[in-house]
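Numbering of ligands and ligand atoms starts at 1, following listing order. For reference, positions follow the sequence shown, starting with 1.
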Amino acid sequence: MKTILRKIKSFFLKEKYPLLSRDEYLRLFNEIKNEKSQEVNRIEQLNGFFIEKNWIDNLALHTQIVKKKSKLNYHHGRLLYSVLRNYIKENPELKLINILETGTARGFSSMCMSKALNDSKKIGKVYTIDIIPNNQKIFWNCIDDWDGKKTRIDLLNKWKKELENIVFLTGDCQTVLKNFHLERVNFAFLDAQHDYESIMNEFNFIFKRQQKGDLIIFDDVNFIEFPEISKFINELKSKKIYDINIVSSSKNRSYCLAKKNK
Ligand SMILES: C[S@@+](CC[C@H](N)C(=O)[O-])C[C@H]1O[C@@H](n2cnc3c(N)ncnc32)[C@H](O)[C@@H]1O
């Protein structure tokens with residue numbers, strides 16, 4: 001695990017940036033910004049909640065459009081927003097919503113979940129963990145690298161209302177969770193390290209703090225690329241403690257929506 005973390009850190013802290021020209025980042029953005037996902041559309045229709053397209057596109061340009069081998073796709077932001085708004089609507093008695101995310105990266109998914117809180121006029125916090133520090137000026141492999149190194153807060157500073165609900169926690173998820181006190185986790189998004197042990201550890205933290213109807217969304221449920229996540233989800237399904245719903249946003253990217261049923 002240490003090797004993976006070292007690789008992630010050195011990837012982000014290396015200084016051969018910007019990796020692409022401004023035009024190339026914009027071309028990637030324009031290529032995908034109007035792509036549809038039937039399954040995510042269906043969930044949005046079912047819930048009746050849709051994130052504002054201009055808002056998410058603008059956020060994605062700065063936090064999702066990166067140089068990488070796999071195909072870019074930011075439908076998970078729409079999914080998280082819609083599912084979380086529906087959860088809030090279905091649980092009107094809740095005074096405070098605690099959201100836990102593992103894997104902040106540039107903050108895209110945290111911001112979408114925070115917007116769901118704001119648009120629902122609900123008090124809540126998004127606690128998000130990443131090994132990448134929050135206040136260190138670095139290059140992020142995104143169009144903003146043309147302005148020089150930024151902290152994560154600099155990168156997200158335009159979205160002040162959403163930033164207010166977010167608590168950024170720095171460190172390895174396992175270590176952070178060991179020392180983290182939270183009574184309830186209403187909603188969780190797991191998107192950090194994709195091995196069985198890490199997912200199990202994060203799940204165990206969340207499970208103890210969830211009640212009937214609370215949700216966990218797992219990213220990257222893809223048997224070929226991340227077999228250990230799929231193995232974990234299959235085992236969880238057989239335990240019948242969460243209702244499992246797999247949603248695909250494209251041929252190679254699926255999410256698992258797990259709803260606690262007892
Ligand atoms: C796929 S990205 C997260 C993307 C983000 N959720 C989004 O949608 O914009 C995964 C992130 O997890 C972080 N990460 C991976 N393993 C980790 C670990 N064990 N502890 C903390 N952060 C980790 C990486 O640094 C990376 O920023």
Carboxylate-amine/guanidinium proximity below 4.0 Å for K259 and D214: no

From the candidates D191, D219, I131, the one that places a heavy atom nearest atom 3 (C) of ligand 1: D191

Ionic contact status for K115 with E52, cut-off 4.0 Å: yes

Nearest neighbour of atom 6 (N) of ligand 1 from the list A192, G171, G103, on a heavy-atom basis: G103

Element-labelled atoms of ligand 1 that are located less than 4.0 Å from some non-hydrogen atom of I132: 25 (O), 27 (O)

Salt bridge flag under 4.0 Å for residues D243 and K237: no

Partner set under salt bridge (charged side-chain N to carboxylate O under 4.0 Å, His left out) for E235, not counting sequence neighbours: K231

Min N/O separation I129 to ligand 1 under 3.5 Å: no

Numbered atoms of ligand 1 (with element) below 4.0 Å of F108, judged on heavy atoms: 9 (O)

Non-neighbouring partners of K150 that pass side chain to side chain donor-acceptor pair (under 3.5 Å), sequence neighbours left out: D144, D147

For ligand 1, the portion of E101 having any non-hydrogen atom under 4.0 Å away: side chain

Which segment of T104 sits under 4.0 Å of ligand 1 when only heavy atoms are counted: backbone

